[in-house]
Amino acid sequence: MNALPSSYDVDAGLNFRQRVLAMLGLCCVLIMVALDQTVVGTAMPTVVADLHGFALYAWVGTSYLLTSVITVPIFGKLGDDHGRKPFVLAAIVLFTAASMLCGLAQDMMQLVLARALQGVGGGMLVATTFACVPDLFPETRERLRWQVMLSASFGLANAVGPSLGGFLTEYFGWRSVFFVNLPVGLASLGFVWRFLPVIRHAARPPSRLDWQGAVLIALFLGSLQLAVEWLPQHKPPLLLGLLAGLGLAALATLIWWEKRSPNPLLPPSMLSHPGLAPLFGLSLLMGFGMFAVMYYAPLMFQAGFGLSPNQAGILVTPLVVFITIGSMFNGRIVQRLRHPTRLLGLGLLMFALTAALLARTTTATAHGLIIANMMLGGLGLGLLMPNLTIFVQQLAPRRQLGVSTAMLQSTRMVGGMLGTAVMGAVVSHHFQQGVASMLAARHGEAWRERLSDPQTLLNAGSLAQFRQAAASGADALLAASRELLVSSIHYSQWLVAAGLLLGLWLVRKVPVVALDGAAPEKALSHE
């Protein structure tokens, strides 16, 4: 556990064995985070049915993302100043402990709060783990070769995640999907503690952290999140107005403060840089689309199509498996292309097509076609995710490697938060309006409260109670409600596809990136 003064001295300080074992520890960390993202999405419809809280369905995802977004830039900066190893270790402990609390939750609010705590650990991991790779391998070509290990570990987690989530949920209960993180967390802790070195880039003493900026980020994103969640719930206009005003005031103050702060958490030079800014924008769109698909496709398959959690997991699995296959394919070709940034446009088109085809998927669609569509989307994300990281790390200066990588992950999480929340509001509003109109036409207003909550379509006990109460007309009402829920999710996926296509304009703004091992410190020398 020897501290190294700079990443440029890594070659002299680490042998091949220590590099491999350090990377193995980082791979375990990535497996833990990837497993959590994939198993939870498949289990969520069952969780909601058991804990009776569809109103908080989106919050299970957005609470995690919200706290992650706030902590990522903080620990990206701290990692640059103090070295990343202490924060990786602390994050593993916190993430694992919060996973246990998620599995022990007795109601939806407890689960939301536990997921928020888990998001703090997840944000620390994202901010530090990805930035450890260029610490260990400063030269670009060597780093691209070693990132195959990360792609393989990510693929392993993604390959088993959705199916594992469905299997565990169906046969051992949804709580077991959170306890999966325990053995992986312990393995991660052992490898990182023993083999990952402490590497600092700054020759000067660590700078003071921009806590004011962190508080303003939390105020802005928290206000935005609440406003999006509460708008379709017809909260008092005064309350919504106050939230909007608080969010705008926090954003304006954040911009003003970061321009004047001696050590800004979000360096304005990065946000305004012509090469980095469009990459951050693309990361935002990618997060928006990815989480909107991964959270609401399982809901459509289970509540809309009536499939079991295990069957839904099998249909979602190809999406995440082919992210890895696409990433590995990308690693083989990205250095050989004269214009590697064009891969971003191809990835966007492929994933937008997946969202559009999901919007056309019905119960009559063959499962083979759904699986092929998920494969297409996974390949598209496999071209987007690694290239965004590679291009940002190539353009950003070495001294701001952690901050730039953290900002990239932050924008993806903000996009995920918005995708989950906005699409959740769209689906809920569209579905409830449709149920109200359907029941009015059938003179069945007495069933509005039950059928407006999709957990009636998911929970076996709720289904049995409704069939007993509604008698002969129950099956027709349930079938109509399922069709309305599917229609609502279709509408959300059309919006996702349209939003992703807007990203093609951002792709045109990305400059040509030379993957020749040139020192990235020159990339912002004009500032």
When you look at Met300 and Leu358, which way does the side-chain contact (heavy atoms from CB on, under 4.5 Å) test go after all the steps? CA-CA 10 Å; Met300 180 171 70; Leu358 269 178; 4.0 Å; yes
Begin from the C-alpha positions of Val486 and Tyr491 and carry the test side-chain contact (heavy atoms from CB on, under 4.5 Å) through to its verdict. CA-CA 9 Å; Val486 170; Tyr491 183 70; over 6 Å; no
Apply the test side-chain contact (heavy atoms from CB on, under 4.5 Å) to residues Phe329 and Ile333: give CA-CA distance (whole Å), side-chain angles for both, the deciding distance (0.1 Å), then the verdict. CA-CA 7 Å; Phe329 173 71; Ile333 66 171; 3.4 Å; yes
Set out, in order, the CA-CA distance, both residues' side-chain angles and the distance that settles side-chain contact (heavy atoms from CB on, under 4.5 Å) for Phe288 and Met423, then state yes or no. CA-CA 9 Å; Phe288 184 96; Met423 292 304 105; 3.8 Å; yes
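Checked options Pro278, Pro340, Pro386; the residue passing with Phe391 is Pro340 (criterion: side-chain contact (heavy atoms from CB on, under 4.5 Å)).
Shown here are the ring pair (Phe, Tyr, Trp, His ring centres under 6.0 Å) partners of Phe305, two or more places apart in sequence or in another chain: Phe301. Leu346 is linked by a side-chain contact (heavy atoms from CB on, under 4.5 Å) to Met350, Leu383, counting only residues two or more places apart in sequence or in another chain.
From Phe322, atom CZ reaches atom CD1 of Ile371 across 10.0 Å, with rounding to the nearest 0.5 Å. Here OG1 of Thr96 is found 9.0 Å from CD of Gln118. Values are rounded to the nearest 0.5 Å. Interatomic distance, CG of Leu379 versus CG of Leu384, reported as 11.5 Å (0.5 Å rounding). Rounding to the nearest 0.5 Å gives a distance of 9.0 Å between CG of Leu279 and OG1 of Thr411. In this structure, Leu344 CG and Leu506 CG are separated by 10.5 Å, a value rounded to the nearest 0.5 Å. Considering CG of Leu388 and CG of Leu282, their distance stands at 6.0 Å, rounded to 0.5 Å.
Nearest heavy atom pair, residue Lys85 against residue Val192, reads CE-O, 3.2 Å. The minimum heavy-atom distance between Gly382 and Asn330, with the atom names listed, is O-CB, 4.0 Å. The shortest heavy-atom contact between Leu285 and Leu500 is O-CD2, 3.6 Å. Contact record, Gly122 with Phe95: N-CD1, 3.5 Å, taken as the closest heavy-atom pair. Residues Met290 and Phe351 approach most closely at N-CE2, 3.6 Å, considering heavy atoms. Counting all heavy atoms, side chain and backbone alike, Val496 lies closest to Ala355 at CG1-CB, 3.9 Å.
In this structure, the side chain of Thr67 engages the main chain of Ala116 through a donor-acceptor pair within 3.5 Å. Between the side chain of Ser283 and the backbone N or O of Leu408, at least one donor-acceptor pair lies under 3.5 Å. Judged by distance alone, the side chain of Thr354 and the main-chain N or O of Met374 form no donor-acceptor pair under 3.5 Å. With Ser492 contributing its side chain and Val427 its backbone, the two residues share no donor-acceptor pair below 3.5 Å. Side chain of His367 to main chain of Leu315: no donor-acceptor pair is present (N/O by atom type, distance under 3.5 Å, no hydrogens or angles).
Within a 6.0 Å sphere centred on CZ of Phe179, other residues, nucleotides and ligands contribute more than 12 heavy atoms.
Contact check for Phe280 versus Arg412: no side-chain heavy atoms found under the 4.5 Å cut-off. Inter-residue side-chain proximity for Leu501 and Leu349 is flagged as met; some heavy-atom pair is nearer than 4.5 Å. Met385 has its side chain within reach of Met286: a pair of non-hydrogen atoms, C-beta onward, lies under 4.5 Å apart.
Side-chain contact annotation: Ser308 with Gln302, donor-acceptor N/O pair under 3.5 Å absent.
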